[in-house]
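Here the structure is laid out as structure tokens; the discussion comes afterwards.
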Amino acid sequence: MAQCVQSVQEFIQDSFVPMVAVLCSEDAEKLTRKNNLNFSELLRPFCRLTSEGHMRDPNNQVQVVKNLRISVNNVVTRPSVPASGVPGHAHRRLLSEVVLTCQPAEGGVANVITAGDYDLNISATTPWFEAYRESFLQSMPASDHEFLNHYLACLLVVSSSEAVPVEKFLKLSQEQHRIQHSGEYTNPKWFIPNTLKYYVLLHDMSQGDEQRADSVYEDMKQRYGAQGCYLLKVNSRTAAAGADEQIPDPWSQYLHKNSLQSQVQLGLATRLHIVDNDIVCHLSDGVLVNSLDNTHPLQLDTPSDTPGSLDALRAVAVETKPPPIATGVAAATSHGACLTLNDHDRIRLFIQEFTFRGLLPHIEKNIRQLNDQLVSRKGLSRSLFSATKKWFGGGKVPEKSIAELKNTSGLLYPPEAPELQIRKMADLCFLVQLYDLAYSCYHTAKKDFLSDQAMLYAAGALEMAAVSAFLQVGAPRPYPAHYMDTAIQTYRDVSKNMILAERCALLSAEVLKSQAKYSDAATLLIKMTSEDSDLRSALLLEQAAHCFINMRNPMVRKFAFHMILAGHRFSKAGQKRHALRCYCQAMQVYKGKGWSLAEDHINFTIGRQSFTLRQPENAVTAFRHILTNDSQQTSTQQGAFLREYLYVYKNVTGACEVALPQLPLPCINSSATRVYFGHERRLAEGEKQAATHVSLDQEFDRDLAAMWQDLEEQVVAAAKRGVVPATFQPTQCCLNSQTDNLRFPLAVVEEPIIVEVVFRNPLKVPLVLSDLSLLWKFTLKDFNRPQPQEDSVGDAVAISNEKEASVPRVRKDDVIATEVIPEFYLSPEETKLARLKLLPHQTGQLNILGLVYNLASTSSTGDTTINSPSAAEGTSVRGRQDLEIQGPRLNQTKEEKTSVSHGPDRRLDPTITPPMPLLEVFFLQFPTALLCGEIRKAYVEFCNVSRVTLCGLRVASTHPDFFTFGSSSLATPLTPLSPTSFENCSAYKTLATPPGATPGSVAAVTLVSEGDFGSGIGLRGGGVSGTGGKGITEIPLGEGTLKPGESTQLPLWLRGPDQEGVHEIHFLFYYESAEQGGKISHRVLRHTVFICASRSLSVRATACRSNTLPEEEEERNGSMLVFVDVENINSSEAGVREFHIAQVSSSSKQWRLHKCINPAEDKDCKLTSRERGKLCFRATRCKPLQAFPFLSMSGVSSPQIITSTTPCADFFFRRCQPLEHSRSQGVGHGGGAKDIAGVVRKCNEVDLDIIILWKAFVVEDNKQVILEGQLHVALQTIDKEACSLTQKEEAQEMVLLKFKPELPPPMTRPSMEQLSHLIKTNLQYPESYSHPFNQKSLCMVPVTLTLSNCSLAQVDVIIDLRHKTTSPESLEVHGSFTWLGQTQFKLQLGAQEVMRVQLQACFLHAGVYNLGTPRVFAKLADQGAMCETSQQTATPALIIIINST
């Protein structure tokens, strides 16, 4: 049970107090009425004695009486009414109004109880229960089987202003005697026949004669004795004087109870209205019935489809106010206006004198007389008090069960019966706190009553015996709870007296609670609940719930369950506020624990009760929980909930139309909101293909976003002279939860802003949203003003569309045009996207706040489509939902890591900037599939669709080698070709073959610069795709600008990627505004294409040194052979019939292709599927005078293609090639020619690029189409094969971690193979030589050995002619000969020097001989420690010796 203000001992003592009656004369009544009080009301605040009283028990022992209170009441007589034991209508009304008027205090003390996972906030006290209990006990009717509420004394009050006060006293005394002994009245009841009469002379100090009053009082003392009378002087001042002085009013707290009790005594109404905050309850058939809640507490109401639910709410909404009850005492009336504080003390002293000198001696005398009578009648010892052991020492009569006892509740004892005398003596002892003696008497009476089977009397004795045992000082015996249980069962089942049973239960529950027996107390209280009284059941169930929560191990769920039951009974009893409080307290237990159905029931009931009590905000909150949680209710029930919620909401919004209310449905995933800035892209028009850019239909990819940002940084750096500005912000056209939203996004005036919102319908019934639009706030700001003025604009007044949004279809379109969706349908449990558009017309700061819409449910819960405007006709509410997006969690500093703080998310707060140019790009005849290396010509159209001039157009790409816009300096302007005539024209420019020239003739040479073809922007000398970044291309415009509304079309050459497969190629178009100083520095447009590349040709090339002597002056620096191996690796599915090798060109600073030395019959090189062709070219070294690479052309067919122009040169320079510095590492640690590795590497380096131009013949739609393309091969080292297809890199091996610093790497020594190419040798001799061996046996032939130094350093050479061939095969084939003269030479050759050594060979016989036997050793001259390395031997040099005879 809840905590009480009084202790249980104080509560029981105050429940049973001596009763004193009052009889007043008319003059005395008038005298007290000056204070708006009658005499009993005048005494009531002073009826508790502050000092101790003393009296003697029958054993003449002095007993102390502490904290005694008496009850003083006017004598009210009424006709004899049979005691029914069932409370009447007036009694019910009294208790109901007492509970109704006692509500929880605002901000009252709360008791926080922690039990497991629960933290419950429960009211510490229940004053309404205490008020009910007090009123119930005080208003109990007097009963014949007990004497506790019988009158012990009677105060006879006469005014001193009476002519003969003594006669008046005599009349009042006779009146009291007549009331008590005539038998005409059953009420009031008197304790003993000889009732104490106490004579009070009331004197008015302000009007009466005090001397006369004193003389009358002296006469009274002579007549009635000093202990039997009293002179009470009151009204020491007038009412007018009392109005000026503030005196405490101790009567106000008692008068309301008195007025209620007077109504009970008058028995005014059998049908009544209890009005509190428009709560209407009806009393019908003796039971308080609630017109709304007459159902089981755990049963949900019937759905709204059936009559009752929504109609009941509408019925409650109708304001009905019956006439209020007259209380009899005006609220503003003051009490005790004629009394001073001295008068208060006189009244207090009067009560004390009456009690101590009159009442207590009277009780003591009667106890002694009753004790003597009982002793004499029973023949026992002198004192019953001293013979207690004798009484209870013998054998006890076994107590019979209630079932064995017959119904003898109608048995009545005569007043003089000994059993009643014992009971009377026990009650007297109990009233004056003689609990030991009282217990003995009650126990004796109980045995007598049980033996007589007088069950009502026995139950009373059992009840008071248990209470007396509990109140005994020192607790000599345990509390007999079974006495109380037997008494309650007897009252309820045998005597059918629920009032006495309820009193007994209230007393026993308090005692059990004080002994911490909460479980027993709760069981007792629950047993007392019944259907005859909803109010009593509600209060007792609530107290039982408090017992469960106050146990040592709190039973939280039992507490909540019984609070629900109590709330239901409170609701049936008309106590709406108490019902709401119980449900709210129980909600703390069920909330968020998965008890969804119970939670729905509680929220639904709270919503209804709150609506009934005119608390619409609480009602809306409760209904919101039903609809937003994941409900497990059926669709029918959810539909009923939704309709009632809309009805309640409509009443709330109808009452106050200050602001749009927050709606709970549908659920909005705010973090998933996406914002798109700009126009939606135009679709393709005919053959035009629009740039893909960014759209809301694309999913966000973090890697792609980083790639686009990297491209943008590169193009911005290229546009800003290689430096990215510090204020650079990457362009973000579409913002979502994964983008960087810390800064205010920039939008452009007159360009739409599209907000994508994710709606989710959590219900199983459809929802209809109508007039859906965005809610925004806008602050005007002029960005063209100077900076100081711009700062002052911060105080500008914000413009909002909230007022316009409350009325559908009324918008502020002059500032920002707001799109309205007329109807948005959400199916049951559907998640759906809505895209809402804003079009700003002025610059400033925009804040998108949320959404505004009308919420309605469909007419039928089973419908999934709307066939009629019934939804619009039904209940709909206009409200809003805010878009509140939580930013990313901050996790940088220590404070941020230790706390949970979030940064801003400004995706809904764009800054509207002045106009900017807007570019649209269209592609014409852009292919989707190409052969590897295929060249295709397309067209790009650039359109400026804004009102601002566009300039600085550039493009960056992830594949800069895929496209080119051509060279603006060297390329001859070409007339744009029609895409439909592609098969009849070539993308290459050709040069007519001079007359008489052959395909193998010397090719033309053209000197070009890499920078002329746009590949060197920002990357001069580093290649297009080096590690420094990707190529940026400036797009040539007519005058460098594109004016508003203008468009231009440019040719675009494409080359298929070298690797087969599907390639994702990204373009980023960059452009600026011609008007500088804007808020946005630049804009970009994205485009992504997918190209499917099919295999075409595979080219492998190898360079070998030529051993022939140079014939021309230009070839003196050396020559070599280039072998080109071309294979058709195209698959047959591509439809390519055959490939033609149209031309082979070269590019190098050191070499050029000189002549094709293929056999003459291979005039046209054709390759069908899987065929391979070989080409051989002679390359000569150029004069090292050119500063730039150049292209030479060696065609295998005519006419020749000019490879030094667009597009061939563009794609060559944009190819993916190794870094330039890797080719020319001639300078190492030593520097210059002294670096051994550098010198040797230079000796073997080629640095020659081969360009293979081809044509492919494809049949498409019965027409032959010629495709063109080019492949590149980079030759770097002699005798090392190079391929047009890049080899796959092998996986790198795992590198072990090294914790010690590494030593600098030693100088790399050149390999033996590299050192074997220092010297190139060549033997010059006649192919055949005739010699007459018959004439001369020795044949001597002169041979010239040519040595050529291939390096750039001095080389020491040793020539050894002593080497002999020893293999038998060589002897058989070639025979043996010998060298004459010097057999070993030591020479030194300068850089690239050519030296000839004259030798002489001697032959003995005719035959074929191999002269290639000399061995040549070489080493660098400055490397003394190095041994000579054998140089690469030449091919066999065969000579034929012929015998001429």
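The shown structure was predicted, so the numbers you read here are calculated from the model rather than taken from an experiment.
Remark: the Gln176 side chain and the Gln180 side chain contain an N/O donor-acceptor pair separated by less than 3.5 Å. Between the side chains of Ser160 and Tyr217, no donor-acceptor pair is found at a separation under 3.5 Å. Asp343 and Asn235 share no donor-acceptor pair across their side chains, judged by distance under 3.5 Å alone. There is no side-chain donor-acceptor pair under 3.5 Å between Gln9 and Gln13. A donor-acceptor contact closer than 3.5 angstrom is absent between the side chains of Tyr491 and Glu502. Between the side chains of Ser40 and Asn38, at least one donor N or O lies within less than 3.5 Å of an accepting N or O. The closest side-chain donor-acceptor pair between Ser173 and Lys197 falls under 3.5 angstrom.
Within the 4.5 Å cutoff, the side chain of Val20 has heavy atoms near those of the Phe354 side chain. In this structure, the side chains of Leu456 and Thr490 stay at 4.5 Å or more apart for every pair of heavy atoms. In this structure the side chain of Leu506 reaches within 4.5 angstrom of the side chain of Phe129, judged on heavy atoms. Residues Asn73 and Ser71 have side chains in contact (heavy-atom distance under 4.5 Å, counting atoms from C-beta outward). Side-chain atoms of Glu419 and Asp452, non-hydrogen and from C-beta on, do get closer than 4.5 Å to each other. Under the 4.5 Å side-chain criterion, counting only non-hydrogen atoms from C-beta, Tyr132 is in contact with Leu535. Residues Lys66 and Val64 are in side-chain contact: their nearest non-hydrogen atoms beyond the backbone lie under 4.5 Å apart. The shortest distance between side-chain heavy atoms of Cys429 and Ile367 falls below 4.5 Å.
Among pairs with a residue in residues 136-161, those fulfilling salt bridge (Lys or Arg N to Asp or Glu O under 4.0 Å) read Asp144-Lys189, Glu146-Arg423, Glu146-Arg503, at least two apart in sequence or across chains. Counting only residues at least two apart or on different chains, the salt bridge (Lys or Arg N to Asp or Glu O under 4.0 Å) pairs with a member in residues 11-23 are Asp14-Arg48, Asp14-Arg69.
In the displayed structure, Glu175 atom CD is contacted under 6.0 Å by more than 12 heavy atoms of other residues, nucleotides or ligands.
With hydrogens and angles ignored, the 3.5 Å screen pairs a side-chain donor or acceptor of Ser15 with a backbone N or O of Phe11. A donor-acceptor pair under 3.5 Å is formed between the side chain of Ser159 and the backbone N or O of Ser161. Judged by distance alone, with hydrogens and angles left aside, the side-chain atoms of Asn497 form a donor-acceptor pair with the main-chain N or O of Ile499 at under 3.5 Å. A donor-acceptor pair is defined here as one N or O able to donate and one able to accept, closer than 3.5 Å; no such pair exists between the side chain of Ser508 and the backbone of Ala505. Checked by atom type and distance alone, the side chain of Thr101 pairs as donor or acceptor with a backbone atom of Glu97 at under 3.5 Å. Checking side-chain atoms of Asn366 against main-chain N and O of His362 turns up a donor-acceptor pair under 3.5 Å. Glu10 places a side-chain N or O within donor-acceptor distance of the main-chain N or O of Ser7, the cut-off being under 3.5 Å. When atom types are taken as modelled, the side chain of Thr32 and the backbone of Leu37 share a donor-acceptor pair closer than 3.5 angstrom. Using modelled atom types, no side-chain atom of Ser495 and backbone atom of Arg492 make a donor-acceptor pair closer than 3.5 Å. Looking at Gln421, its side chain does come within 3.5 Å of a backbone N or O of Pro415 through a donor-acceptor pair.
Under a cutoff of 6.0 Å and an axis angle of 45°, Arg178 and Tyr185 do not form a cation-pi pair.
To the nearest 0.5 angstrom, Leu462 atom CG is 15.0 Å from Tyr457 atom OH. Atom CZ of Arg133 is separated from atom CG of Leu95 by 13.5 Å, given to the nearest 0.5 angstrom. Residue Leu524 holds its CG atom at 8.5 Å from CG of Leu540, rounded to the nearest 0.5 Å. Here the CE-CD distance, from Met55 to Gln61, works out to 13.0 Å after rounding to the nearest 0.5 Å. Annotation: the span from Lys168 atom NZ to Asp27 atom CG amounts to 7.0 Å, rounded to 0.5 Å. Going from atom CG of Leu525 over to atom CG of Leu539 covers 10.5 Å, rounded to the nearest 0.5 Å.
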Exercise. Given Leu360 and Thr355, is the side-chain contact (heavy atoms from CB on, under 4.5 Å) satisfied, shown in steps?
Worked result: CA-CA 6 Å; Leu360 286 182; Thr355 305; 4.2 Å; yes
Exercise. Given Arg56 and Gln63, is the side chain to side chain donor-acceptor pair (under 3.5 Å) satisfied, shown in steps?
Worked result: CA-CA 6 Å; Arg56 293 182 180 274; Gln63 302 291 335; over 6 Å; no
For this session: Verify salt bridge (Lys or Arg N to Asp or Glu O under 4.0 Å) between Lys424 and Asp427, making sure each step is shown before the conclusion.
Result: CA-CA 5 Å; Lys424 190 175 294 186; Asp427 289 345; over 6 Å; no
For this session: Start with the C-alpha gap between Leu152 and Ile363, add the side-chain angles, then the distance that decides, and say whether side-chain contact (heavy atoms from CB on, under 4.5 Å) holds.
Result: CA-CA 8 Å; Leu152 274 167; Ile363 293 175; 3.8 Å; yes
For this session: Kindly determine whether Phe16 and Phe430 satisfy ring-ring contact (aromatic ring centres under 6.0 Å, His included), including the steps that lead there.
Result: CA-CA 8 Å; Phe16 303 100; Phe430 185 87; 5.7 Å; yes
For this session: List the steps, then state whether side-chain contact (heavy atoms from CB on, under 4.5 Å) holds for His150 with Met19.
Result: CA-CA 6 Å; His150 291 197; Met19 304 283 292; over 6 Å; no
For this session: Go through the steps to decide whether Tyr224 and Val166 satisfy the test side-chain contact (heavy atoms from CB on, under 4.5 Å), and finish with yes or no.
Result: CA-CA 10 Å; Tyr224 306 119; Val166 177; 4.1 Å; yes
For this session: Please lay out, stage by stage, how Gln369 and Gln373 fare under the test side chain to side chain donor-acceptor pair (under 3.5 Å).
Result: CA-CA 6 Å; Gln369 288 177 357; Gln373 290 176 11; 5.3 Å; no
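One finds a salt bridge joining Arg368 and Glu364 here, because a Lys/Arg side-chain nitrogen approaches an Asp/Glu carboxylate oxygen to under 4.0 Å. We find that Glu41 and Arg44 are not joined by a salt bridge, their nearest charged nitrogen and carboxylate oxygen being 4.0 Å or further apart.
Taking every heavy atom of both residues into account, Ala153 and Trp190 meet most closely at O-CZ3, 4.2 Å. The two residues Leu420 and Pro414 make their nearest non-hydrogen contact at CD1-O, 3.3 Å. Between Ile351 and Phe46 the shortest heavy-atom distance is CG2-O, 3.5 Å. Ala465 and Tyr439 get closest at one heavy-atom pair: O-CD1, 3.2 Å. Between Pro165 and Leu201 the shortest heavy-atom distance is CB-CD1, 4.3 Å.
Note on ring orientation: taking the six-membered ring where Trp is involved, the planes of His181 and His177 are tilted (angle from 30° to 60°). The aromatic rings of Trp251 and His344 lie perpendicular to each other, with more than 60° between the two planes, well past the 30° mark. Below 30°, between 30° and 60°, or above 60°: for Tyr483 and His443 the angle between ring planes is between 30° and 60°, a tilted geometry. Under the 30°/60° scheme for interplanar angles, the aromatic rings of Phe449 and Tyr413 are found to be tilted. Between Phe147 and Phe191, the two ring planes are tilted [angle within 30° to 60°].
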